[in-house]
Amino acid sequence: MSAKSTATGANAVGTDDAYNPYLAHRYPNSQAAKPVNGNDPLHGLIPRRVTATQAVNIMDGEINPFTKKPLSPNYKKILEGRKKLPVFAQIQDFYDLYSKNQIIVMIGETGSGKTTQIPQFCVYSDLPHTKGKMIACTQPRRVAAMSVAQRVAAEMDVELGKQVGYTIRFEDMTEAGTTFLKYMTDGMLLREAMNDPTLSRYSTVILDEAHERTLATDILMGLLKEIARNRADLKIIVMSATLDALKFQKYFGSPEKPAPLLKVPGRTFAVETFYTQEPEPDYVEAAIRTALMIHHAEEPGDILLFLTGEEEIEDACRRIRAEAEDLERQHPDTVGPLNCVPLYASLPPREQQKIFQQAPGPKTPDGPPGRKCVVSTNIAETSLTIDGIVYVVDPGFVKSKIYNPRIRVESLLVAPISKASAQQRAGRAGRTRPGKCFRLYTEKDFMKELEEQTYPEILRSNLANTVLELMKLGVKDLVHFDYMDAPAPETIMRALELLNYLAALDDEGNLTEMGRIMAEFPLDPQMSKMLIISPEFKCSNEMLTLSAMLSVPNVWLRPNNQRKEADIAKAALAVPGGDHLSLVNVYNNYIENKYDSQWAWNNFLAVRALQQAENVRNQVQRLMERFDLDLVSTSDERKFWQNIQKALVCGYFMQVAHKEGEKNNYLTVKDNQVVALHPSCGLDATPEWVLFNEFVLTTRPFIRTVTEVKVDWLLEYAGEYFDIKTFVDGETKRALQRAVAKKTGVPYLETRPSTGKRSRDGSETPSEARRKKDRKGK
DNA sequence: GAGCACTGC
């Protein structure tokens with residue numbers, strides 16, 4: 001038994017009688033262990049026909065098949081751990097399915113190891129590097145893409161960013177020609193698809209966490225299904241954590257012949273679940289009581305309590321702390337100290353870190369031990385894992401986004417969670433040892449009232465952006481696109497209508513040149529439009545700043561004990577014309593003060609948000625340069641703010657409100673919603689016409705981030721949208737009529753014959769007006 | 001006179 005060497009050596013993947021790594025492993029002292037042909041452990045493997053034995057033997061070898069360097073002791077240590085993962089026991093099952101099918105569905109519960117192992121299994125079988133391709137594995141969140149890539153690079157004994165890398169917005173840790181396993185956010189792969197519609201760089205695409213049904217994952221699923229028809233060489237793996245596998249199988253196969261499924265058990269501890277006997281009228285109250293009950297009566301172990309938002313959480317924390325102290329005083333022999341910590345996304349990172357602190361020890365040497373209680377939003381359900389949690393309190397609610405296409409408003413509402421979500425929450429109690437989950441609803445409600453799955457995002461969102469992306473991806477028929485769950489036709493119509501008004505689509509529904517450029521910007525269509533048009537108003541530098549500032553979380557801080565000081569600081573930076581202008585002003589001042597954190601802090605500004613804005617601004621500026629859009633500012637100081645307001649109108653003319661009556665009420669144009677200026681609004685007067693960035697529905701309808709506009713600009717730059725004929729009778733219409741009369745010197749009459757159909761371009765910019773004049777001149 | 005559930009490009 002001896003190894004053969006082939007004349008071609010390194011490039012002999014696929015030949016039959018080549019060096020057999022299986023034998024090399026079995027007989028380490030034989031000649032087979034020292035192949036002559038380029039020392040390639042992968043030699044002789046046939047892509048996508050690799051067996052588990054072959055793969056495992058290479059993993060067990062001495063030479064890293066991808067770097068050709070000796071494998072490190074650390075690699076071997078990690079490998080022993082990997083082999084104990086549940087998914088490893090099914091490696092041959094996986095290869096059987098992978099070799100024979102184009103699309104497979106995989107479900108693996110928490111702790112199965114699927115996210116780290118399956119992509120590696122693919123590497124050993126697909127051998128993407130031998131054909132200049134890559135394996136992509138998508139994640140819904142950036143941190144996951146980064147941390148998993150780092151872990152897998154270590155497991156494969158390679159440097160992160162070389163053979164194994166990741167790509168997220170603002171950071172590409174890959175090396176062209178070297179990287180063959182790439183973790184990335186789902187949004188990033190969708191972006192790539194826009195310029196490479198067949199995803200030709202990839203030989204295998206893995207969609208991980210598909211059960212989360214993010215907008216990007218949903219679009220990618222439809223896209224991949226289509227690409228698979230035209231690319232027989234592309235393999236697709238859809239990985240999910242839930243029991244809803246059949247839905248994925250049917251979608252990727254057919255109802256009669258579902259796509260094959262691989263099921264891998266998880267590795268978590270049992271969680272005992274308790275329900276209430278009767279529904280709880282006040283879930284916050286009940287949650288607080290339950291947490292205190294656990295602290296009083298249950299064995300040591302930390303508590304995780306789910307609530308819906310910042311205010312609720314801070315309030316609950318205060319009450320739990322106060323009552324726990326009473327409890328401790330009353331029962332000093334049995335009740336230890338309780339450390340109650342809040343957790344939500346907008347909490348500064350330093351505060352967030354507190355959830356990882358150890359529970360407090362006993363106050364006296366032989367007193368009862370302390371306990372930690374984390375009160376969190378949904379962030380602890382998927383994004384953040386806290387070790388040591390033994391008790392979960394689940395009131396059964398979540399704040400979630402819903403979209404009403406009729407009035408074009410996205411709002412946040414507190415709603416019951418799904419069964420899948422409830423299970424995920426309960427699972428958080430069993431990560432380190434057996435735990436308990438207290439559900440603050442009845443078992444009957446759980447069985448009968450809760451939806452199986454969380455409503456996918458695509459059914460809850462404004463789709464203007466998504467529709468533009470789909471158009472750019474070449475999808476012609478948006479209504480009949482193969483969605484796993486189709487959005488309401490009205491939502492799609494609303495999106496098409498907006499894109500048509502923005503001149504991203506022509507009247508036939510085709511993507512225009514403007515639309516093609518807009519799709520490249522990681523911004524809402526309205527924002528892309530105002531930005532692309534802004535050089536014509538000599539304010540592209542400012543609009544760049546504004547789009548960045550509108551893309552990041554609120555920059556204005558208002559600490560509870562310093563509200564007055566914060567308001568004074570804000571007023572000092574405010575521009576009278578409106579909040580959009582103030583945002584530009586804040587950023588410009590931030591630059592003038594040399595990006596100084598101390599300056600920001602002194603002015604009650606969120607440093608982190610400002611830094612994020614810098615990041616976004618740089619990215620968008622590069623895009624502006626790519627499309628040869630001039631970066632300019634006006635030198636005429638009197639026009640500086642006005643130009644910005646005009647450019648704003650070109651993008652956001654559909655988000656305008658008119659003042660009605662005396663009570664500072666506004667009526668949104670066309671949708672006729674009664675709205676009020678949000679209390680955070682910095683306008684020092686109530687102008688007749690305002691443009692707003694956001695419509696928020698909380699205690700009542702508010703418009704937030706508001707700037708004054710002139711009716712003449714509406715008529716000039718958004719003539720079609722503000723065509724009086726399209727308005728119902730009312731104060732808004734009469735105001736428009738007065739404006740037209742004043743402008744033309746002729747009283748406006750409803751019956752006046754039309755001067756001909758205007759372009760379907762709602763926003764008529766100077767250049768467009770000029771082009772029209774030119775045409776008429778000829 | 002009130003609020004950023006959570007992601008992502």
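Worth saying up front: this structure is predicted, and the values here are computed from it rather than measured. Residue numbering restarts at 1 for every chain, and letters A, B, ... go by the order of the sequence lines. Computation of the quantities below employed the complete heavy-atom set of this structure, encompassing side-chain atoms and omitting hydrogens, waters and symmetry-equivalent molecules.
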(message) Using whole Å, what does the distance between atom P of nucleotide dC6(B) and atom CZ of R460(A) come to?
(response) 13 Å
(message) Taking the minimum atom-to-atom distance to the side chain of T377(A), which one of dA2(B), dA5(B), dC9(B) wins?
(response) dA5(B)
(request) Assign each of F702(A) and K399(A) to its nearest nucleotide of DNA chain B by heavy atoms, then name whichever residue's nucleotide is nearer the 5' end. (result) F702(A)
(request) Please say which of Y441(A), F306(A), F397(A), F438(A) ends up in a ring pair (Phe, Tyr, Trp, His ring centres under 6.0 Å) with Y283(A). (result) F397(A)
(message) Which nucleotide wins on minimum distance to the side chain of T185(A), given the candidates dG3(B), dC6(B), dC9(B)?
(response) dC9(B)
(request) On DNA chain B, check which nucleotide each of R704(A) and D567(A) is closest to and give me the residue with the more 5' one. (result) D567(A)
(request) For dC6(B), measure the glycosidic angle (O4'-C1'-N9-C4 for a purine, O4'-C1'-N1-C2 for a pyrimidine) and name it syn if it falls within 90° of 0, otherwise anti. (result) anti
(request) Find the distance K570(A):NZ to dG1(B):P and express it as a whole number of Å. (result) 16 Å
(request) Please work out if R141(A) contacts a base, only the sugar-phosphate, or nothing of the nucleic acid, heavy-atom cut-off 4.0 Å. (result) sugar-phosphate
(request) Looking at every strand, decide which applies to T214(A) at a 4.0 Å heavy-atom threshold: base, sugar-phosphate, or nothing. (result) nothing
(request) Could you verify whether a donor N or O on one side chain and an acceptor N or O on the other, from S534(A) and S540(A), lie under 3.5 Å apart? (result) no
(message) Between R460(A) and E457(A) (salt bridge meaning N to carboxylate O under 4.0 Å), is one present in this structure?
(response) no
(request) May I have the distance from E209(A) (atom CD) to dC6(B) (atom P), rounded to whole angstrom? (result) 18 Å
(message) Has T512(A) got a side-chain atom pairing as donor or acceptor with A503(A)'s backbone, closer than 3.5 angstrom?
(response) yes
(request) Just compare dA2(B), dA5(B), dC9(B) and give me whichever is closest to any side-chain atom of P679(A). (result) dA2(B)
(request) Would you tell me if any nitrogen or oxygen in the side chain of S400(A) comes within less than 4.0 Å of OP1 or OP2 on dA5(B)? (result) no
(request) Could you check whether R142(A) gets within reach of a base, just the sugar-phosphate, or nothing at all, counting any heavy atom under 4.0 Å? (result) sugar-phosphate
(message) At 4.0 Å (heavy atoms only), tell me whether A345(A) reaches a base, stays on the sugar-phosphate, or touches nothing.
(response) sugar-phosphate
(request) For dA5(B) and dG1(B), measure between their P atoms and round to the nearest Å. (result) 22 Å
(request) Could you tell me whether I168(A) contacts a base, only the sugar-phosphate backbone, or nothing, with contacts defined as non-hydrogen atoms closer than 4.0 Å? (result) sugar-phosphate
(message) From CD1 of I417(A) over to P of dC6(B), roughly how many Å is that when rounded to an integer?
(response) 16 Å
(message) Quick one, V284(A) and P395(A) - any side-chain contact, counting heavy atoms below 4.5 Å?
(response) no
(request) Mind checking P553(A) for me? I need base, sugar-phosphate or nothing, with any heavy atom below 4.0 Å counting as a touch. (result) base
(message) For a quick check of understanding: with a heavy-atom distance under 4.0 Å over all strands, which category does I379(A) fall into, base, sugar-phosphate or nothing?
(response) sugar-phosphate
(message) Between P on dG3(B) and CG on L697(A), what's the gap in Å once rounded to a whole number?
(response) 10 Å
(request) In whole angstrom, give the distance that lies between atom OH of Y183(A) and atom P of dG8(B). (result) 18 Å
(message) So if I take every side-chain heavy atom of R558(A) and compare against dA2(B), dC9(B), dT7(B), which nucleotide ends up nearest?
(response) dA2(B)
(request) Can you tell me the distance, in whole Å, between the CD atom of E381(A) and the P atom of dT7(B)? (result) 12 Å
(request) Examine R439(A) relative to F446(A) and say whether NZ or CZ is less than 6.0 Å from the centre of the six-membered ring and inside a 45° cone about the ring axis. (result) yes
(message) How many whole angstroms separate atom CZ of R700(A) from atom P of dG1(B)?
(response) 9 Å
(request) Would you indicate what N554(A) reaches in the nucleic acid, counting non-hydrogen atoms under 4.0 angstrom: base, sugar-phosphate, or nothing? (result) base
